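Below, all heavy atoms of this structure are taken into account, side chains as well, without hydrogens, waters or symmetry copies. Position 1 is the first residue of the sequence, and the numbers go up from there. Bear in mind that the values here come from a model prediction, so they are computed numbers and not experimental data.
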Amino acid sequence: MKIAIASDHGGYELKKSLVEFLKSKKIEVEDLGTEGTESVDYPDFAILVGEKVSLKKVDAGILACGTGIGMSIVANKFKNVRAAVVADEYTAKMAKEHNNANVLCLGGRVRNVEEVKKIVSIWLETAYAGGRHDRRLEKIQEIEKRNMK
Ligand code: RB5
């Protein structure tokens, strides 16, 4: 499995820990920056992951900023991207099981690293349930077809 990851300054320390965490799980990681705690603009990094996931160059993406919110707003502008802001174990499970979220958006100022590792593990290990959820995801694809060229 290959995951693209990026952050702004607000999510930088979290991203650094997650890169090591994912590698320890034998997941291939493409780290797209940022490279330090200097202030940057989250859209510049969200688009890097959004593009990779949209074009299916990677299996999934992880984005971290202060809250995860800005990253998710940008990532969801890309076709085929289902980005979810997740801050607890229940929403981590549901983001995959019901929404088949392929980009996880995390807040470096919301949860500590150990809590986030648990959230990431749940998201990785949960299977998409399909069934009635397929119909809902198909409706999202219809919106993309209408609104995204
Ligand atoms: C940067 O201070 C902060 O606004 C950003 O990291 C993020 O939380 C935006 O959604």
### Message
Apply the hydrophobic cluster definition, ILVMFWY joined by side-chain contacts under 4.5 Å directly or through others, and give me every member besides I27.
### Response
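Via sub-4.5 Å side-chain contacts, I27 links to M1, I3, I5, L14, L18, V19, F21, L22, V29, I62, V86, L104, L106, V113, V116, I119, V120, W123, L124.
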Looking at [atom1] of [X] and [atom2] of [Y], how far apart are the two atoms once the value is rounded to the nearest 0.5 Å?
{"X": "N102", "Y": "F78", "atom1": "CG", "atom2": "CZ", "answer": "12.5 Å"}
{"X": "K2", "Y": "E28", "atom1": "NZ", "atom2": "CD", "answer": "4.5 Å"}
{"X": "Q141", "Y": "R82", "atom1": "CD", "atom2": "CZ", "answer": "7.5 Å"}
{"X": "K15", "Y": "E20", "atom1": "NZ", "atom2": "CD", "answer": "10.5 Å"}
{"X": "D31", "Y": "K23", "atom1": "CG", "atom2": "NZ", "answer": "7.5 Å"}
{"X": "K93", "Y": "T126", "atom1": "NZ", "atom2": "OG1", "answer": "6.0 Å"}

Side-chain donor/acceptor of [X] to backbone N/O of [Y], under 3.5 Å:
{"X": "N99", "Y": "A101", "result": "no"}
{"X": "D8", "Y": "G11", "result": "yes"}
{"X": "N112", "Y": "E115", "result": "yes"}

### Task
Tell me, with the steps shown, if K77 and I47 meet side-chain contact (heavy atoms from CB on, under 4.5 Å).
CA-CA 9 Å; K77 303 288 183 199; I47 62 169; over 6 Å; no
Grab the two heavy atoms, one from [X] and one from [Y], that are nearest each other, plus how far apart they are.
{"X": "A46", "Y": "A75", "value": "CB-N, 4.5 Å"}
{"X": "S72", "Y": "V85", "value": "OG-CG2, 3.2 Å"}
{"X": "H133", "Y": "E97", "value": "CD2-O, 4.2 Å"}
{"X": "G70", "Y": "C65", "value": "N-SG, 4.0 Å"}
{"X": "A64", "Y": "M71", "value": "O-CE, 3.5 Å"}
{"X": "R109", "Y": "G10", "value": "NH2-CA, 3.6 Å"}

### Message
Assess the residue pair K25 and K117 against the criterion (side-chain contact (heavy atoms from CB on, under 4.5 Å)); give the C-alpha distance rounded to whole Å, side-chain angles, the decisive distance to 0.1 Å, and a yes or no.
### Response
CA-CA 11 Å; K25 286 180 168 286; K117 284 182 187 171; over 6 Å; no
### Task
Not counting sequence neighbours, which residues clear salt bridge (charged side-chain N to carboxylate O under 4.0 Å, His left out) with K96? List them please.
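Counting only residues at least two positions away or on another chain, K96 forms no salt bridge (charged side-chain N to carboxylate O under 4.0 Å, His left out).
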### D88: side chain to side chain donor-acceptor pair (under 3.5 Å) partners, not counting sequence neighbours
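Once residues adjacent in sequence are excluded, the partners of D88 under the side chain to side chain donor-acceptor pair (under 3.5 Å) criterion are T91.
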### Message
In this structure, would Y12 and L32 fall into the same cluster of hydrophobic residues linked by side-chain contacts under 4.5 Å?
### Response
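Per the 4.5 Å side-chain linkage, Y12 and L32 are not co-clustered.
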### Query
Applying the 4.5 Å side-chain criterion to the ILVMFWY set and letting contacts propagate, would Y42 and L48 be lumped into a single cluster?
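Result: yes, single cluster for both.
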Below 4.5 Å, heavy atoms only, C-beta onward: do [X] and [Y] meet side chain to side chain?
{"X": "S7", "Y": "E13", "result": "no"}
{"X": "E30", "Y": "K52", "result": "yes"}
{"X": "K118", "Y": "E114", "result": "no"}

### Task
Give a yes or no on whether K79 atom NZ has more than 12 heavy-atom contacts from other residues, nucleotides or ligands under 6.0 Å away.
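Counting neighbours around NZ of K79, more than 12 heavy atoms of other residues, nucleotides or ligands fall under 6.0 Å, so yes.
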### Task
Applying salt bridge (Lys or Arg N to Asp or Glu O under 4.0 Å), run through E142 and K145 and close with a yes or a no.
CA-CA 5 Å; E142 286 307 314; K145 279 184 197 151; 3.4 Å; yes
### Query
Are a donor atom and an acceptor atom from the side chains of Y128 and D134 found within less than 3.5 Å of each other?
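Side-chain D/A pair, Y128 to D134: present.
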### Query
What do the steps show when you test V53 against N80 for side-chain contact (heavy atoms from CB on, under 4.5 Å), and what is the final call?
CA-CA 7 Å; V53 174; N80 304 320; over 6 Å; no
